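Here is the structure we will look at.
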Amino acid sequence: MKMNFNMPVNLKFGAGVIKENSEDFKLGKRALLVTGQNSARLSGALIDVIGVLDSLGISHDIFDKVENNPSLKNISEGSRFGKSCGSDFIIAIGGGSPLDAAKAIAALATNDMDPIDLFKNEFKNEFLPIIAVPTTSGTGSEVTPYSVLTVHSMKTKRSFTSRWSYPKVAFADPCYTYSLPYSVSVDTAYDAFSHLLESYYSVRSNPLNDSIAVEGMKKIAGCMKDIAAGNLNDEVRGKLMYSSCLGGMTIAHTGTTLIHAMGYSLTFFKSFSHGRANAMIMAEYMRLNKSELPEKTKVVLDVLGLGDIDDADDYFSLGLDKKPILSDDECREFAGLAVKQGSVKMNPKQVGEKDIYELYVKIFGGAQ
Ligand code: NAP
Ligand code: ZN
């Protein structure tokens with residue numbers, strides 16, 4: 001067996017980790033706090049971070065305009081703001097959107113480049129150091145090198161990666177997710193599950209990654225009854241954030257596969273959240289790959305406590321009123337966009353544009 005397992009993020013997990021580890025904030029003299037409009041304040045993370053910075057005499061500026069599914073224009077604005085402040089390190093607070101935006105802002109701060117060139121993954125200079133404070137349990141972006149951005153000119157999302165985009169330190173405190181609306185809690189849990197599942201199924205999977213993926217899937221599955229009952233207690237919040245971190249660690253090594261490639265159009269054109277978009281594809285994805293990975297499929301069904309993949313449709317539909325119906329033209333357009341994502345090649349069953357079109361029709365076609 002050959003394997004490379006690099007997890008360079010110093011992950012501090014648990015209640016109160018920010019106040020307990022203030023020394024880890026000494027990454028510069030002037031911090032740029034990157035966040036969305038509400039999440040940092042509502043979660044309580046912002047006040048904790050500012051308290052630590054003040055106690056250390058580190059000054060800070062706040063860019064709190066990160067959009068959901070941030071665009072190139074949005075990160076350019078953040079980058080200009082950071083440069084005007086003279087920021088020398090970045091603290092990202094929020095869900096995957098602010099965390100990913102922060103990675104792009106950190107790259108543009110030290111590399112004089114057009115934002116669209118981020119996706120070439122070629123950087124001359126080391127990025128500004130990043131501290132990540134997640135306030136959702138889904139993307140695992142706090143432990144991944146990926147930054148996923150919306151590119152309007154391409155009508156989709158693209159991601160970039162670099163060894164410098166890993167946060168130096170991640171403070172994963174489940175208490176910061178208590179303020180999440182129920183729908184975001186459910187959708188992000190499905191996103192975390194999709195990372196674990198796709199990594200487990202990826203052609204790049206390895207035994208160490210697999211063991212982490214199964215551990216994460218078990219933890220989420222163990223929470224599903226409570227989530228369905230709306231019982232998002234401390235224990236559930238803790239398990240979800242733990243699984244989200246594990247999901248991030250797994251995709252940091254394998255990347256995602258077909259679910260993410262197909263989900264982007266459901267977010268771009270139909271405004272479904274990232275996690276919900278993935279959830280709607282999950283059961284069909286398992287059906288598609290069953291013949292390639294019969295043993296792994298059995299493991300996942302056992303973890304979920306399901307006898308058959310047909311039961312998975314309901315399992316991944318919690319909180320969904322009804323799936324959208326896509327026209328034939330939409331299915332064709334979405335397939336054309338999905339097949340261009342590099343992650344498609346990491347799918348266990350090799351698929352082309354026609355197969356992806358047929359999958360969209362099967363899941364979202366008018367005759368369903
Ligand atoms: P998000 O877009 O960051 O946040 C969704 C919504 O939840 C926002 O309105 C946000 O408010 C709110 N929110 C977040 N935390 C909150 C809290 N504690 N209390 C109250 N409201 C809160 O959602 P996400 O699912 O975490 O991130 C999705 C993005 O991550 C997508 O762009 C996706 O493509 C990307 N992603 C990245 C990776 C990676 O490895 N880098 C992996 C998967 C997905 P605000 O507007 O105030 O922020
Ligand atoms: Zn995701």
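Start at 1 and go down the list; that is how both ligands and their atoms are numbered. Note that the coordinates shown come from a computational prediction; the quantities given were computed from them, not determined experimentally. If you read the sequence from its start, that first residue is 1, and numbering goes on from there.
- Residues Asp61 and Ser87 bring no donor and acceptor atom of their side chains to less than 3.5 Å of each other.
- Asp48 is linked by a side chain to side chain contact (heavy atoms under 4.5 Å, CB included) to Ile18, Lys19, Tyr176, counting only residues two or more places apart in sequence or in another chain.
- Counting only heavy atoms from C-beta outward, the side chains of Thr297 and Tyr201 approach each other to under 4.5 Å.
- Residues passing the ring pair (Phe, Tyr, Trp, His ring centres under 6.0 Å) test with Phe272: none are found, sequence neighbours excluded.
- Of the charged side-chain nitrogens involved, at least one lies within less than 4.0 Å of a carboxylate oxygen, so that Glu235 and Lys239 count as a salt-bridged pair.
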Report every pair formed by an N or O atom of ligand 1 and a protein N or O atom separated by less than 3.5 Å, giving atom names and the distance to 0.1 Å.
residue	atom	partner	partner atom	Å
ligand 1	2 (O)	Ser97	OG	2.6
ligand 1	3 (O)	Gly96	N	3.2
ligand 1	3 (O)	Ser97	N	3.0
ligand 1	3 (O)	Ser97	OG	3.4
ligand 1	15 (N)	Thr135	O	3.4
ligand 1	15 (N)	Thr135	OG1	2.8
ligand 1	18 (N)	Thr135	O	3.1
ligand 1	18 (N)	Tyr176	O	2.9
ligand 1	18 (N)	Ser179	OG	3.2
ligand 1	19 (N)	Ser179	O	3.4
ligand 1	19 (N)	Ser179	OG	2.8
ligand 1	26 (O)	Gly96	N	2.8
ligand 1	26 (O)	Thr136	OG1	2.7
ligand 1	27 (O)	Gly96	N	3.1
ligand 1	32 (O)	Asn69	OD1	3.2
ligand 1	32 (O)	Lys157	NZ	3.0
ligand 1	34 (O)	Lys157	NZ	2.8
ligand 1	40 (O)	Thr144	OG1	2.9
ligand 1	41 (N)	Asp100	OD1	2.8
ligand 1	41 (N)	Asp100	OD2	3.3
ligand 1	41 (N)	Ser141	OG	3.2
ligand 1	41 (N)	Tyr146	O	2.9
ligand 1	47 (O)	Gln37	N	3.2
ligand 1	47 (O)	Asn38	N	2.6
ligand 1	47 (O)	Ser39	N	2.7
ligand 1	47 (O)	Ser39	OG	3.4
ligand 1	48 (O)	Ser39	OG	2.9

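- Annotation: cation-pi geometry satisfied between Lys296 and Tyr200 (NZ/CZ under 6.0 angstrom from ring centroid, within 45° of ring axis).
- Between Phe127 and Lys103, the closest side-chain pair of non-hydrogen atoms is not below 4.5 Å.
- For the Zn ion (ligand 2), protein N, O or S atoms under 2.8 Å: 4 in total.
- In the hydrophobic clustering of ILVMFWY residues, with side-chain heavy atoms under 4.5 Å counting as a link, Ile131 and Leu99 come out apart.
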Check the pair Arg41, Asp64 against salt bridge (charged side-chain N to carboxylate O under 4.0 Å, His left out), reporting the backbone distance first and the verdict last. CA-CA 10 Å; Arg41 292 180 182 87; Asp64 59 0; 3.1 Å; yes
